[in-house]
Amino acid sequence: MGKQTLIFNSPIFIENTATVVGPKEGEGPLKTTFDKTYDELYCGTTSWELAERKLMSEAIELCLQKANKKNQEIDFFLGGDLLNQNITASYVAREKEIPFWGLFNACATSMEALTLAAVLLDGGFANHIVTAVSSHFATAERQFRFPTEFGAQKPETAMFTVTGAGAAHVSKTKTKIRIEAATIGKVIDLGVTSPFNMGSAMAPAAAHTIKTHLADLKRTPNDYDAIVTGDLSRIGSPILKSLLFEENIDISHVHQDCGLLIFSPDQNVFSGGSGCACSAVVTFGHLFKEMKRGLLKKILVVATGALLNPLMVHQKESIPCIAHGVSFEYVHS
Amino acid sequence: MDYIVAFAVGGMICVIGQILLDFFKFSPSHVMSSLVVMGALLDGFHLYDRLIDFAGAGAVVPIMSFGHSLVHGAMIEANRSGFLGIGMGIFEVTSAGISSAILFGFLVAIFFKPKG
């Protein structure tokens, strides 16, 4: 449909989801919506990379347990994370023995994975797919900024990477949540160069995807109960609203941001949460729970990713950004 | 009075660092090396010793004084052994600082684990 939007002819459903999070998320406003919470960043392991791997592995395990599915019954595992060479997802795939597609779209990977899962199911290439993404505060700091042991100062525009993992089991089995349409974003770069200001960098990409989604499907923001962005936070959210307002699209009454939902401002999280897991754990936990209760009938989740590479930033390149939107619909069962 | 001067001068050096960080968008490593170079340059013009006379501890604490000490060591040894002395003397004055950084870094790494 239109330029960048896919509509799925056969009904594709979210069969189950599971979320596992770290300490700070477990103290936040959404603490009751997660399946499992760890009270320290190592999650019982000896390194942060191992901790992140454990989070993703357990999210998948819990997700499949809910439908009593075994790894062998799953056709594909679509996963990604933020670390070099997608190590978290790759090592989890090694242990799960499910055919694996490694994905990287930074924090937009959660919705990229769901879109691809829906495409594979709609095309009849699979019956059961599990998607998973993860991020971890300390591994992300080391990967993109400075190791936390270095103790570098961060400005208020910086974001706080969510520690956690979200997994979703996608199939054609009818449930209350249907993946109805998806809009694949373009890479947009308006020249932000600071890895401490990703909210501003990502807002134009989110604005472009939302605008294209609505135009492609001839919809208005009023068709949605919520338009939820992944991790624009306190800095990027107002920029997004004003960018869309200039295009005569007013989303201020339906807009929410996962990075703002997951933490409360008094948790010392700078401008709000970010990371692959941010959109995943908020969508798979809080938002889907609201949908199952019928409080939200139709939502558009726009996961925003800053395709940031520290080497490129040191070479004075700006940060390219992407946003993928997936529309979920409540179905009476 | 000495305490106040030391506090004010040491604080001013930190303010310079903070300005480099916030307004000139330097990375922490750039700030550190800039301050070292500044200390070295000031010592090259014999200005840093005057600052130390004036501010005492405010000017001898790291990291600006590190540049000063590097130049100092190099100069002293150069006077004694000629051109090669620059290389030999550069870590002469600073060696205690560097060794203790390594030692304490090692001890901390043994006994503590980062919390995140």
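Note that the structure is a prediction, hence the values are computed from the model and not measured. First the proteins, then the strands, lettered A, B, ... as listed; each starts at 1.
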CG (B:D53) with more than 12 external heavy atoms under 6.0 Å: yes
Contact origin within A:F150 toward chain B - heavy atom pairs under 4.5 Å: side chain
Heavy atoms from other residues, nucleotides or ligands near NZ of B:K113 exceed 12 (cutoff 6.0 Å): yes
Contact class of B:K25 relative to chain A, heavy atoms under 4.5 angstrom: neither
Distance, nearest 0.5 Å, that separates CZ of A:F146 from OG of B:S27: 5.0 Å
A:K154 NZ: over 12 foreign heavy atoms closer than 6.0 Å: yes
Chain A neighbours within residues 7-22 of chain B, where any heavy atom lies under 4.5 Å away: B:Q18, B:L21
Atom OH of A:Y91 with >12 non-hydrogen neighbours under 6.0 angstrom: no
Leading residue by heavy atom contact count with chain B [cutoff under 4.5 Å; candidates A:E40, A:Q153, A:E149]: A:Q153
Distance (rounded to the nearest 0.5 Å) between B:K115 NZ and A:T148 OG1: 12.0 Å
